[in-house]
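A note on names: the letters A, B, ... follow the listed sequences, proteins ahead of strands, and every chain is numbered from 1.
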There are 2 protein chains.
Amino acid sequence: MDDTDRRLLALLQEDATRSYAALGQAVGLSAAATHERVRKLREQGVIRRTAAEVDPAAVGKGVLAFVLVDATSWMGDSGAELAALPEIEEAHVVAGSASVLVKVRTSTTERLQDVLRGLYGIDGVSGTRATVVLDTLFERPVTP
Amino acid sequence: MDDTDRRLLALLQEDATRSYAALGQAVGLSAAATHERVRKLREQGVIRRTAAEVDPAAVGKGVLAFVLVDATSWMGDSGAELAALPEIEEAHVVAGSASVLVKVRTSTTERLQDVLRGLYGIDGVSGTRATVVLDTLFERPVTP
DNA sequence: AATGAAACCCGGCGGGT
DNA sequence: ACCCGCCGGGTTTCATT
């Protein structure tokens, strides 16, 4: 993982449809060498996958909220139950006053309410504190 | 935006390197028709871009935290100042007791502290409440 | 680990149904 | 809108250094 790899990662994060030739030119390498480096980055798991980024609003997911979930028991093994709620985009075990933090996207606030109801249905959950997003200033990839 | 489009989106979200032929076979369409549909989805902005997903830990970003930022004045126009801190991955204006919620990835907790210091340097910021992530249960794309 | 050449396959585009 | 067929270019591999 040298500096060239990091530059390649940065380029692929903003547009993974670039050709290896163009990519190589940007970092001063041949297409074949570039291909080999990227292949290794995939193999090592540095590049998890290459995915299409979908606009949430365009697929009817205009409401975004972060929900702190309080629990009376350990929730670190409740991943599957949380994943069963498809509107939950991320779930993290956190330190602090809450046990889990989830990121939720729904079509409407009514549907958000349904998700909160669903959270209460999970064993040990004793409370939720939702923070509703009014406007997203920016979302960007990690800077290697 | 019919059901076929949604299936295409789901497939492209999990692997955008698939060929249009394979994609078309999965939804019962020819490669050309599939290509046309995906082109339109891009044109309409439903597909924002296709990007490589990088493992944060692999690029030395092992610490994740969500920070609620309190402010004494309106922070909805502070996007640029927040974006100037490269460790901030997302920034949202929120309803509730805080004004802004940011997602921060750093190499160490010391660096996280630096980011918090940086936040206090922004005009109007009066406080921060950080929630540190111990373990990420899952992160997945939006389900169309 | 990088290069250049070569084979193969895919993306992109026309025309037609 | 979808399907078929063609063509240029990119991906992918291999021998070589």
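- Bounding nucleotides for the chain B contact on DNA chain D, 5' to 3', at a heavy-atom distance below 4.0 Å, are D:dA1 to D:dC4.
- Here B:R37 pairs with B:D5 in a salt bridge; the nearest charged N to carboxylate O distance falls below 4.0 Å.
- Using a cutoff of 4.0 Å between basic side-chain nitrogens and carboxylate oxygens, B:D70 and B:R129 are scored as salt-bridged.
- Looking only at atom types and distance, the side chain of A:T34 has no donor-acceptor partner in the side chain of A:R18 under 3.5 Å away.
- The only option from B:K61, B:R111, B:K103, B:R105 that meets the salt bridge (charged side-chain N to carboxylate O under 4.0 Å, His left out) definition with B:E87 turns out to be B:R111.
- The two residues B:T143 and A:P86 have their closest heavy-atom pair at OG1-O, 3.7 Å.
- When the P atom is used for both C:dG11 and D:dT13, the distance is 16 Å, rounded to whole Å.
- Among A:D2, A:V27, A:L23, the one residue that satisfies the side chain to side chain contact (heavy atoms under 4.5 Å, CB included) test with A:R7 is A:V27.
- The pair A:E43-A:K40 does not meet the salt-bridge criterion, since no charged nitrogen lies less than 4.0 angstrom from a carboxylate oxygen.
- Side-chain contact check for B:L119 versus B:L85: some heavy-atom pair is nearer than 4.5 Å.
- Residue A:A33 is classed as a base contact, given a heavy-atom separation below 4.0 Å to a base.
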Letter by letter from the 5' end, nucleotides 6-17 of chain C scores (B base, S sugar-phosphate only, - none; protein heavy atoms under 4.0 Å) -----SS-----
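- For the P atoms, the distance linking C:dG12 with D:dT12 amounts to 14 Å, nearest Å.
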